[in-house]
There are 2 protein chains.
Amino acid sequence: MRSIAGFYRTGTATQGGFGETLIDFNAGNAFNCLTTRTKRGDASVAGSCFADVLSEHIALTENECSALERLEERNRTLRRGSVLRRSNDAADELFMLRAGTMMTYVLLDDGSRQILRFHFPGDMLGLSTLLYEEAPETICALTECTVCPFEKSSLSELIVEHPRLASMILVYGQIERVALTDRLAALGRTSAKARVGSLLLELRNRLRATDKRVSDSFTLGLTQEEIGDATGLTAVHVNRMLRQLEEERLIAREGGRVTIVDEAALMRATNYVDRYCDLDLGWLPQGR
Amino acid sequence: MRSIAGFYRTGTATQGGFGETLIDFNAGNAFNCLTTRTKRGDASVAGSCFADVLSEHIALTENECSALERLEERNRTLRRGSVLRRSNDAADELFMLRAGTMMTYVLLDDGSRQILRFHFPGDMLGLSTLLYEEAPETICALTECTVCPFEKSSLSELIVEHPRLASMILVYGQIERVALTDRLAALGRTSAKARVGSLLLELRNRLRATDKRVSDSFTLGLTQEEIGDATGLTAVHVNRMLRQLEEERLIAREGGRVTIVDEAALMRATNYVDRYCDLDLGWLPQGR
DNA sequence: CGGATACTTGACAGGACTCAATACAAGTGG
DNA sequence: CCACTTGTATTGAGTCCTGTCAAGTATCCG
């Protein structure tokens, strides 16, 4: 029984590849990272990756760009598997993800994990910690990452000075919200196969947004246990679903790479919708 | 099999109590509602229920209050069961819920329904339609309701003129987002009993926020089918879970009323967290 | 009172979980 | 270079939670 009071999972394999950082709440993960200051004029590090994302939709003013750059002045690198902020940690900072992929998850008190969201460059992390003194979620690096921490007060200033950027932050919050409702519907009302399939589609699309070279084939970068924790399944069952998708020629696998073979069929089978598409931003206020 | 292509549910009982408004896509639901203009000086209708909600956390300025009132100038009443906006409708307006309870849901193409969220007075509805030309979700009245429609452009002006209100809209969006992640974790990683229990707790808490007289006992106002569509279960299994909760003396039922008998135990059993509590709003900009 | 909707209960089936064993890959240390 | 360890993937067998189907009861309302 997946008991509420008991332990849903036990043993060492439970916590996946990041055992020590997930389990050991005393581990000083702050020491897994380096904080540096972006050198002015260093083109490869300067600029703002959030600005890059926004530029896909609107033409930013110079003032807006420099305001966004100010949010990303500090840089911190994270090793694969290290935890940026743990659930119930004091939540004083927000982050902009500059490079790498991350995830947020919660651990329930029976030890099971639900992965809530995967993050890609240009994502703002920890917006929810604006509201709560303690972080509701754990944020963790799936690959080597660079993040830019900034203060709540900086965001507050940005909202006052730049209503259009405030609106875009609202917009990205809503995209996330709608993407979450899609996943809610998937967990509540679709089969295991459809859940796994739609996760693959989402990962492909989000990777492609970062790296235009990604087409149908991409390196997953997730263990089957992680896929399971994102889709509400067990690793064993994820394995079987991947096999089925492969047998039905919807996807192909080799090594760590997944290829989406029949995208149309996969989308039909999963109800997947790309929520980053077709935004209507005509109502935005003027940029300053 | 809960087939992707097939029909998960068939028959007349499928669509719940609101059959005609859910099924008949040609029904002119616009005619189910009356739009009126709030009379100036009519204290019972004037004011802003969103302002009331915000006042619990911050002291609004006069300018802020009147700006919020402007969003709620128009009133529209909805009959129980009528649809305010259907998924894929053109999404031109937003709404403030003034009175009654509503829900948003999506229908998957196998006919199954996932209820995403329940709404109570003071909630802003349809924020997601800011972004998309077509509404991603259906919004439907669970009881007789009053909503106030307003334009995207009005929201845009509000963001420019009132940074603190913009921040609060962002905050409420984030509360919803976190509440959704809680439900995601519930669907992905908790038992049917825990899901039903946490839904009861959430409904109680949200009802209590509107009506202080609500304590442990409240009228549910949902069918078991609706509870199922919110928790990812079937109506039959919801029934069994309610019975079990009752047998374990966590809740009691009579007529349409539910009483939370052992709140502490129920909270332990469900991991429920009230996300409307303990907000940290010290970072907010000054009100204008 | 009749019809519709909602609730309840039982029997059964099946999808997903659990447990367990094996295979495979990568890294470590001697 | 090879044992050894650790983490991940794969596969099979058995169990159980939840869905399906069906029938009966309760409730509401015109």
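In this text, all values refer to a predicted model and were calculated from it rather than measured experimentally. When reading the values below, keep in mind they use all heavy atoms of this one structure, side chains included, and skip hydrogens, waters and symmetry mates. Residue numbers start from 1 in every chain, and the chains themselves are labelled A, B, ... in the order their sequence lines are given, proteins ahead of strands.
A sub-4.0 Å separation between OP1 or OP2 of C/dT8 and a side-chain N or O of B/Arg240 is absent. Contact between the side-chain N/O atoms of B/Arg253 and the OP1/OP2 oxygens of C/dT8 is found at a separation under 4.0 Å. Between C/dA6 and B/Thr223, no contact under 4.0 Å exists linking OP1 or OP2 to a side-chain N or O.
If you check the side chains of A/Thr259 and A/Ser217, you find a donor sitting under 3.5 Å from an acceptor. No hydrogens or angles considered: nothing links the side chains of B/Arg80 and B/Thr143 as a donor-acceptor pair under 3.5 Å. Counting only N and O atoms by type, the side chains of A/Thr129 and A/Arg85 include a donor and acceptor under 3.5 Å apart.
The neighbour count for B/Glu247 CD, taken as heavy atoms of other residues, nucleotides or ligands under 6.0 Å away, is above 12.
The distance from atom NZ of B/Lys193 to atom P of D/dC16 is 16 Å, rounded to the nearest whole Å. Regarding B/Leu187, its CG atom lies at a distance of 11 Å from the P atom of D/dG19, rounded to whole Å. A straight line from CG of A/Leu222 to P of D/dT8 spans 12 Å, rounded to a whole angstrom. Across the protein-nucleic acid pair, B/Glu254 atom CD and C/dC7 atom C1' stand 16 Å apart, rounded to whole Å. Rounded to an integer number of Å, the gap from CE of B/Met241 to P of C/dC7 is 16 Å. Distance B/Asp110 CG to D/dT20 C1': 15 Å, rounded to the nearest Å. Put simply, CD on A/Glu247 is 12 Å from C1' on D/dT11, counting in whole angstrom units. At whole-Å resolution of the value, CD in B/Gln244 and P in C/dT9 are 12 Å apart.
A cation-pi arrangement is present between A/Arg113 and A/Tyr105 under the rule of less than 6.0 angstrom and at most 45 degrees off the ring axis.
Here D/dG19 is the nucleotide among C/dC19, D/dG19, C/dA16 with the atom lying nearest to any side-chain atom of B/His237. With D/dT20, D/dT18, C/dC17 as the candidates, the nucleotide lying closest to the side chain of A/Leu233 is C/dC17. Checking C/dC17, D/dA9, D/dA22 against the side-chain heavy atoms of A/Thr234 singles out C/dC17 as nearest. Picking from C/dA16, D/dT11, C/dC17 the nucleotide with the shortest atom distance to the side chain of A/Arg243 gives D/dT11. The side chain of A/Asn239 has D/dT10 as its nearest neighbour among D/dT10, D/dT18, D/dT20.
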